[in-house]
J.: 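Questions regarding the structure given below will be posed in turn.
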Number of protein chains: 2
Amino acid sequence: MKINPADLNQVNVLKEAPLEDLNLLVEKSILRSVEEDSFYFFQGDPAKYAYILVTGRVKLVQSNPAGQQVNLRTIKQWEMFAALGAIRPDATYPVAAQALEPSSALAIESSLLREMMQTRPYLNFGLMQLMTGYIQEMQERYRELATEKVERRLALTILRLASQIGIKSQGQIELPLSQQDIAEASGSTIYTVSRTLSEWEKRGLIETGRGRIVMRNPHGLVEIAEGAESA
Amino acid sequence: MKINPADLNQVNVLKEAPLEDLNLLVEKSILRSVEEDSFYFFQGDPAKYAYILVTGRVKLVQSNPAGQQVNLRTIKQWEMFAALGAIRPDATYPVAAQALEPSSALAIESSLLREMMQTRPYLNFGLMQLMTGYIQEMQERYRELATEKVERRLALTILRLASQIGIKSQGQIELPLSQQDIAEASGSTIYTVSRTLSEWEKRGLIETGRGRIVMRNPHGLVEIAEGAESA
DNA sequence: ACTCTTCTTTGCTTAAGCGCAAATAACAGA
DNA sequence: TCTGTTATTTGCGCTTAAGCAAAGAAGAGT
């Protein structure tokens, strides 16, 4: 497959990049394809590349020593990920990147990115925007995990994921994620997720299927997220 | 009180700043003093200033709608805080900054910082280093909260705080924080914190006092943090 | 030295949700 | 269409730690 450099303007960080920079990036980078469930990199690997996702979906996960994992973020097309490694010269990835479906991504050498940052203000700004967004989101999620009960956290998680990677189909938003993914993203378990989603389905808020969730009544979810006690 | 511009080199982000920039910063900024328990700013205020803490200690807290709060970070002397607001022109503070003790900080206009970033690579780099550090820490803490039991999380929290704001006195590290603070930093409650610390004190790992914790046996804490089940 | 306030401790109760086990359902590939 | 695999559901028991209440301890200020 070939990448059209101009497409890279869809990447948030590269919104303001001149075409010659996009050409440079495509030329100097490698396109990696990764099959479902395989990894772009593992937690602890030297952070040699930053990536731009070209097709498919990827999740960033972090594991504890016992192997339990949490989903920190789900990446969709034309999102940049693993860019933080480019900041510190000898960094290792603090997370692993696993493909949720067959996918491909442009692998950019961290050193190239670092070099480009020296002379391109738009790149610095773009990366900082990305980072501040991450920080704020993580701070919120941390607070939610510390202070909110599971049901509300689940609603918040699903709403957040819907805005980040939701797919609109015939007026409804669909979330192509398994309950396992939801559990790992919300800091809960598949059992509790299943029970809660079933309950919501009965109430007509959502519709569930194997590996997907369709939002029937987003407003109802917002109400749960914001604190209406369930009857 | 007067600030000696040269002192600002102790600020991580400004390690490589030339003296003229430090002069500029001091000249264009205001020194704000804030008494114990008062706030530099509240969550949701327009992010008009970034700060450099000159004396005292400050905590960054985030509250949920019900008013429960979590401690996201404790700031010590010569640390920069609230710098993220400088990135996005119309940002509001996502956290509140409350003084843990009488303190003073240099208030730098966000717009000034933003201007300076245009032409000073060291500033961009310094801020990015700061941000990547935040992101990694928040990701870790999020994972800990999602996957670890309270005792281990408490050990991890205390070790982390010790490295960030611990005070060395006669060979031992002291943490000048109340149990309330620890609870809010670890995502637990004062009751559980009290019980756990008492237990640790019995085992000789720490020494507690009103508003402070002295680490007697850091290695023992590391063992708990890394997973040795308590006997 | 005394008082008031704030922080810490501890017993007790309880709710939330984890997690095993086993059944059922959905889908993929041949 | 059949079969094997993977995802979801549900009953049930159990653990963890939250949270109330009340007592005790440590400081701060006068």
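Letters go in sequence order (proteins before strands), and every chain restarts at 1.
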J.: May I ask you to check whether B/Asn64 and A/Glu148 show a side-chain donor-acceptor distance below 3.5 Å?
T.: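 Their side chains do contain a donor-acceptor pair, which is all the 3.5 Å distance test asks for.
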J.: Rounded to whole angstroms, how far apart are CG on A/Leu154 and P on D/dT8?
T.: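 Taking CG of A/Leu154 and P of D/dT8, I get 14 Å after rounding.
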J.: Which whole-number value in Å describes the distance from B/Glu36 CD to C/dT5 P?
T.: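 Distance, rounded to whole Å: 17 Å.
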J.: Classify the ring geometry of B/Phe81 against B/Tyr40: parallel below 30°, tilted from 30° to 60°, perpendicular beyond 60°.
T.: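 Perpendicular, since the angle between the ring planes exceeds 60°.
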J.: Grab the two heavy atoms, one from A/Leu106 and one from A/Val54, that are nearest each other, plus how far apart they are.
T.: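 Closest heavy-atom pair between A/Leu106 and A/Val54: N-CG2, 3.9 Å.
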J.: Verify the contact: side-chain N or O of A/Thr189 to OP1 or OP2 of C/dG19, cut-off strictly under 4.0 Å; return yes or no.
T.: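 Answer is no, no contact under 4.0 Å.
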J.: If I take atom CD in residue A/Glu207 and atom C1' in nucleotide D/dT8, what distance separates them, rounded to the nearest angstrom?
T.: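 Value for this atom pair: 16 Å.
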J.: If you compare all heavy atoms of B/Ala225 against all heavy atoms of B/Leu159, which two are closest, and at what distance to 0.1 Å?
T.: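 Minimum heavy-atom separation between B/Ala225 and B/Leu159: CB-CD1, 3.9 Å.
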J.: Any side-chain N or O of B/Ser188 less than 4.0 Å from the OP1 or OP2 oxygen of D/dA17?
T.: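 The answer is no; no side-chain N or O of B/Ser188 sits under 4.0 Å from OP1 or OP2.
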J.: Could you tell me how far apart A/Leu145 (CG) and D/dA17 (P) are, to the nearest whole angstrom?
T.: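 In whole Å, D/dA17 P and A/Leu145 CG are 14 Å from each other.
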J.: Between D/dA17 atom C1' and B/Gln68 atom CD, what is the distance in whole Å?
T.: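 It is 14 Å, rounded to the nearest whole Å.
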J.: Under 3.5 Å, is there a donor on one side chain and an acceptor on the other for B/Arg32 and B/Tyr49?
T.: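 No, B/Tyr49 and B/Arg32 have no side-chain donor paired with an acceptor closer than 3.5 Å.
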J.: To the nearest Å, give me how far apart NZ (B/Lys149) and P (C/dG17) are.
T.: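 Answer to the nearest Å: 16 Å.
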J.: Would you please name every residue forming a salt bridge (Lys or Arg N to Asp or Glu O under 4.0 Å) with A/Glu109, sequence neighbours left out?
T.: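 Per chain and number, A/Glu109 pairs via salt bridge (Lys or Arg N to Asp or Glu O under 4.0 Å) with no residue.
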J.: If we count only N and O atoms by modelled type, under 3.5 Å, do the side chains of A/Glu79 and A/Gln164 hold a donor and an acceptor together?
T.: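 Side-chain D/A pair, A/Glu79 to A/Gln164: absent.
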J.: Please state how far atom CD in A/Glu151 lies from atom C1' in C/dG17, giving the value in whole angstrom units.
T.: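 Spelled out: CD on A/Glu151 to C1' on C/dG17 is 12 Å.
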J.: Could B/Arg203 and B/Glu223 be called an ion pair, given the rule that one side-chain N must be under 4.0 Å from one carboxylate O?
T.: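 Salt bridge: no.
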J.: Give me the bend of the helix from C/dA1-D/dT30 to C/dA30-D/dT1, using the axes of the five pairs at each end, rounded to 10°.
T.: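 The angle, to the nearest 10 degrees, is 60°.
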J.: Show me the protein contacts with nucleotides 7-11 of chain C, counting only N or O atoms at under 3.5 Å.
T.:
{"from": "C/dC7", "atom 1": "O4'", "to": "B/Arg210", "atom 2": "NH2", "distance (Å)": "3.4"}
{"from": "C/dT8", "atom 1": "OP1", "to": "B/Gly211", "atom 2": "N", "distance (Å)": "3.1"}
{"from": "C/dT8", "atom 1": "OP2", "to": "B/Gln179", "atom 2": "N", "distance (Å)": "3.1"}
{"from": "C/dT9", "atom 1": "OP2", "to": "B/Gln179", "atom 2": "OE1", "distance (Å)": "3.0"}
{"from": "C/dT9", "atom 1": "OP2", "to": "B/Gln179", "atom 2": "NE2", "distance (Å)": "2.6"}
{"from": "C/dT9", "atom 1": "OP2", "to": "B/Ser194", "atom 2": "OG", "distance (Å)": "2.8"}
{"from": "C/dT9", "atom 1": "O5'", "to": "B/Ser194", "atom 2": "OG", "distance (Å)": "3.3"}
{"from": "C/dG11", "atom 1": "N7", "to": "B/Arg195", "atom 2": "NH1", "distance (Å)": "3.4"}

J.: Are side-chain N/O atoms of B/Gln69 and B/Gln43 paired as donor and acceptor at under 3.5 Å?
T.: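 Note: B/Gln69 and B/Gln43 side chains miss the donor-acceptor criterion.
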J.: What is the distance from CG of B/Asp181 to P of C/dT6, rounded to the nearest Å?
T.: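 About 15 Å, once rounded to whole Å.
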